[in-house]
Number of protein chains: 2
Amino acid sequence: MDERQAIGAFGALSQETRLQIIRMLVVAGPEGMAAGSIAEKLDVSASNLSFHLKELDRAGLVGQQREARSIIYTVNYDTLSGLVRFLMEDCCSGHPEVCLPVTAAAACRPRAKDDPQ
Amino acid sequence: MDERQAIGAFGALSQETRLQIIRMLVVAGPEGMAAGSIAEKLDVSASNLSFHLKELDRAGLVGQQREARSIIYTVNYDTLSGLVRFLMEDCCSGHPEVCLPVTAAAACRPRAKDDPQ
DNA sequence: TCAACGTTTCAAGGATTATTGAAATATGGA
DNA sequence: TCCATATTTCAATAATCCTTGAAACGTTGA
């Protein structure tokens with residue numbers, strides 16, 4: 001992931017509806033969700049949702065696939081983890097001590113119910 | 001870091017000049033850099049730089065401190081690593097397999113000269 | 001073929017964000 | 001005190017982004 005892509009991804013995630021879409025799709029996993037289900041859960045209009053999905057698509061954060069009348073959206077884990085990596089390299093570059101707590105504390109485990117935010 | 005803060009931080013990083021400021025400040029470390037030096041290196045006007053520094057400050061990504069006539073800016077590592085953690089928890093939540101490569105590949109080491117991007 | 005469904009596209013307007021240059025503020029030295 | 005330096009603030013404009021509703025598109029089943 002280069003700087004240009006990272007800027008696009010940061011921009012895509014810097015909007016409430018879009019961040020919520022990504023959060024939902026991460027939870028939904030590889031099965032994804034139909035645009036209509038997302039719109040319903042987030043209580044946004046179809047056209048507004050479509051606008052935001054297109055933004056996420058432009059940033060490479062989601063993929064889509066038609067299934068009958070619905071269009072199923074899935075999160076693109078590669079882009080998401082590419083972004084984490086970009087941020088960590090920027091964050092750690094020359095200053096490893098800063099990110100070590102991140103890997104130690106948050107390192108890739110499912111979040112537990114009693115996990116403090 | 002809650003969602004609102006994360007959105008603010010993503011927004012702050014989604015602009016070329018601001019991302020470059022953060023990158024520079026990360027490299028500069030705890031010593032930080034004077035606003036003037038940043039402006040000179042990035043070739044932006046003083047007032048434009050000031051605008052972007054204020055945005056970064058609002059997002060909690062930088063701190064400042066006057067030193068004689070200069071104002072020294074430093075990156076706020078806590079916010080930066082908080083953001084990484086937010087992203088990883090969203091990214092990994094329920095899907096640990098996705099982020100493991102990140103921790104394995106990028107985990108907090110200084111970037112080597114021959115390190116492929 | 002037709003109608004209903006799920007979704008996207010389009011155009012318009014409002015809201016937010018970025019850039020610019022001039023003026024204001026704070027500091028330090030002569 | 002006065003001047004130069006370093007930076008911020010302000011107002012105006014330009015650019016970008018978000019929302020809305022209407023219309024268009026593709027798909028399915030009758």
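Note that the structure is predicted; figures quoted are calculated from it, not measured. Numbered from 1 within each chain, the chains take letters A, B, ... in sequence-line order.
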Query raised in the report: Going 5' to 3' along nucleotides 15-23 of chain D, which nucleotides have protein heavy atoms under 4.0 Å from the base (write B), which only from the sugar-phosphate (write S), and which from neither (write -)?
Result: ---BBBBB-
Would you indicate what [X] reaches in the nucleic acid, counting non-hydrogen atoms under 4.0 angstrom: base, sugar-phosphate, or nothing?
X	result
S50(A)	base
A39(B)	nothing
A46(A)	base

Report the distance from atom [atom1] of [X] to atom [atom2] of [N], rounded to the nearest whole Å.
X	N	atom1	atom2	answer
Q64(A)	dG26(D)	CD	C1'	14 Å
I72(B)	dT5(D)	CD1	C1'	14 Å
D57(A)	dT7(C)	CG	P	15 Å
E67(B)	dG28(C)	CD	P	10 Å
Q65(B)	dT7(D)	CD	C1'	15 Å
L53(A)	dG6(C)	CG	C1'	13 Å
R66(A)	dT8(C)	CZ	C1'	10 Å
L49(B)	dT17(C)	CG	P	18 Å

Please check: side-chain N/O of [X] versus main-chain N/O of [Y], any donor-acceptor pairing under 3.5 Å?
X	Y	answer
Q5(A)	D2(A)	yes
R66(A)	A68(A)	yes
T79(A)	G60(A)	yes

Report task. Take the C1' atoms of the five end pairs on each side of the helix from dT1(C)-dA30(D) to dA30(C)-dT1(D), derive the two axes, and give their angle rounded to 10 degrees. Result -> 20°
Sequence neighbours excluded and cut-off under 3.5 Å, please list the side-chain donor-acceptor pairs for residues 38-47 of chain B, or say none.
unit_1	atom_1	unit_2	atom_2	d
S45(B)	OG	N48(B)	N	3.1

Tell me, do [X] and [Y] make a side-chain contact under 4.5 Å, heavy atoms counted?
X	Y	value
T74(A)	Q65(A)	no
I21(B)	L61(B)	no
D57(B)	Y73(B)	no

Query raised in the report: From the list dG29(C), dT9(C), dT9(D), which nucleotide is the closest neighbour of the side chain of R69(B)?
Result: dG29(C)
Report task. Identify which nucleotide among dT8(C), dT8(D), dA4(C) has an atom closest to any side-chain atom of I71(B), counting heavy atoms from C-beta outward. Result ->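 Nearest nucleotide to the side chain: dT8(D).
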Query raised in the report: For dT8(C), does either OP1 or OP2 sit under 4.0 Å from a side-chain N or O belonging to Y73(A)?
Result: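 For dT8(C), OP1 or OP2 has a side-chain N or O of Y73(A) closer than 4.0 Å.
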Query - From CA spacing to verdict: side-chain contact (heavy atoms from CB on, under 4.5 Å), L13(B), F86(A) - result: CA-CA 12 Å; L13(B) 295 176; F86(A) 178 89; over 6 Å; no
Report task. Apply the test side-chain contact (heavy atoms from CB on, under 4.5 Å) to residues E3(A) and R23(B): give CA-CA distance (whole Å), side-chain angles for both, the deciding distance (0.1 Å), then the verdict. Result -> CA-CA 11 Å; E3(A) 186 173 293; R23(B) 266 142 126 22; 3.0 Å; yes
